[in-house]
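Sharing a structure with you now.
To find a chain, count down the sequence lines: A is the first, B the second, and so on, and within it residues start at 1. All heavy atoms count here, side chains included; hydrogens, waters and symmetry mates do not.
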Amino acid sequence: NAGVMQNPRHLVRRRGQEARLRCSPMKGHSHVYWYRQLPEEGLKFMVYLQKENIIDESGMPKERFSAEFPKEGPSILRIQQVVRGDSAAYFCASSPAQVLNTGELFFGEGSRLTVL
Amino acid sequence: SQQGEEDPQALSIQEGENATMNCSYKTSINNLQWYRQNSGRGLVHLILIRSNEREKHSGRLRVTLDTSKKSSSLLITASRAADTASYFCATDRGSGYSTLTFGKGTMLLVSP
């Protein structure tokens, strides 16, 4: 019974390159959340998606960041033209329904992005 | 500022002692959750307490919620070295669909 799978676990990019982070939710889960964690900080909400829909992207930077959760395949967090300030751990979480109703989020192990 | 803010930021105790962490929040909530994060790992859900509950237990964990003070506490009894981790409270925003907002966490170090 696989949990939330994120890959890559570690990613190194040079400034200006693109970073793509993938997340496969737990089996049976249709809601995906992306969070960013800076060193020594808590998690900052970025975006909440359901299949083929972005429900809440209030935490996403206005430029360079995008997310999708297609009908088939994993959710993708895409960061274009990365800068050093994008270096962080990016966590994906999933839930079977709205967290308001079920409460618990199931987290992946994170993807750690380092921008040189 | 954070919807959920934990204190202390760091806590160092000996094995066998109890550890108490606190969380304050600002807006109304439906529930409050506590998560644990081991260094370099993802978050793991520990316990959820609903807004109409005042106290909840799970094994060595005890959570309290005071909605009038907008605060919660997590007590870990008889701590073990394996409890060393960061602990985060998370709250929803109390209306409609909701995402969780996390505090900055309390880093707990339990020494053998």
Side-chain angles (χ1 to χ4, degrees), chain A residues 2-7 9-10 21 23-26 29-50 53-60 67 88-112 114, chain B residues 1-10 21 23-25 27-53 56 58 63 65 72 85-107 109:
Chain A
V4 178
M5 304 300 291
Q6 289 189 248
N7 67 83
R9 289 291 311 277
H10 299 275
L21 310 177
C23 169
S24 296
M26 281 184 72
H29 287 191
S30 57
H31 298 242
V32 166
Y33 310 78
W34 285 93
Y35 285 82
R36 177 165 63 177
Q37 185 177 38
L38 294 171
E40 311 301 324
E41 295 277 329
L43 273 71
K44 302 287 189 186
F45 168 73
M46 298 183 75
V47 62
Y48 163 35
L49 309 104
Q50 295 178 30
N53 282 308
I54 296 174
I55 307 301
D56 180 355
E57 55 182 348
S58 58
M60 288 277 272
Y90 292 84
F91 288 94
C92 172
S94 71
S95 67
Q98 290 182 16
V99 70
L100 181 65
N101 298 325
T102 65
E104 179 179 351
L105 291 184
F106 296 80
F107 280 85
E109 294 290 338
S111 291
R112 281 151 184 82
T114 301
Chain B
S1 59
Q2 300 289 324
Q3 162 71 335
E5 295 193 11
E6 298 89 341
D7 82 89
Q9 289 187 344
M21 290 160 267
C23 169
S24 60
Y25 58 92
T27 65
S28 62
I29 61 172
N30 287 301
N31 62 62
L32 183 144
Q33 303 180 44
W34 286 89
Y35 286 78
R36 165 193 168 130
Q37 183 182 34
N38 284 57
S39 181
R41 307 295 298 274
L43 277 73
V44 176
H45 180 261
L46 294 176
I47 194 166
L48 178 152
I49 186 166
R50 300 203 182 277
S51 59
N52 60 354
E53 298 176 311
K56 201 163 182 179
S58 177
V63 171
L65 179 63
S72 172
S86 292
Y87 292 83
F88 297 89
C89 70
T91 55
D92 60 34
R93 296 185 201 134
S95 63
Y97 74 86
S98 183
T99 56
L100 293 183
T101 301
F102 288 82
K104 292 187 177 183
T106 292
M107 190 178 298
L109 174 63

Q. Could you state the interatomic distance from CZ (F107(A)) to CZ (R41(B)), rounded to the nearest 0.5 Å?
A. 14.5 Å
**Q.** Inter-residue atom distance Y33(A).OH - L100(B).CG, 0.5 Å rounding
**A.** 7.5 Å
Q. Can you list the residues that meet the side-chain contact (heavy atoms from CB on, under 4.5 Å) rule with E57(A), with sequence neighbours excluded?
A.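 Counting only residues at least two positions away or on another chain, E57(A) forms a side-chain contact (heavy atoms from CB on, under 4.5 Å) with V47(A), I54(A), M60(A).
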Q: Report the C-alpha separation of Y35(B) and L105(A) in whole Å, then their side-chain angles, then the decisive distance to 0.1 Å, and conclude whether the side chain to side chain contact (heavy atoms under 4.5 Å, CB included) test is met.
A: CA-CA 10 Å; Y35(B) 286 78; L105(A) 291 184; 3.6 Å; yes
Q. From K44(A) NZ over to K104(B) NZ, what is the distance, rounded to the nearest 0.5 angstrom?
A. 6.0 Å
Q) Should we count CE of M107(B) as having more than 12 external heavy atoms under 6.0 Å? A)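 Result for CE/M107(B): open.
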Q. Under a 4.5 Å heavy-atom cut-off, does chain B meet the side chain of Y35(A), its backbone, both or neither?
A. side chain
(Q) Is Q37(A) in contact with chain B via its backbone, its side chain, both, or neither, using a 4.5 Å heavy-atom distance? (A) side chain
Q) Is it the side chain or the backbone of Q9(B) that comes within 4.5 Å of chain A heavy atoms, both, or neither? A)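 When you check distances to chain A, no heavy atom of Q9(B) falls under 4.5 Å.
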Q. Distance from I47(B) atom CD1 to E104(A) atom CD, nearest 0.5 Å?
A. 11.5 Å
Q: State which residues pass side-chain contact (heavy atoms from CB on, under 4.5 Å) with N7(A); sequence neighbours excluded, sorted by chain then number.
A: R22(A)
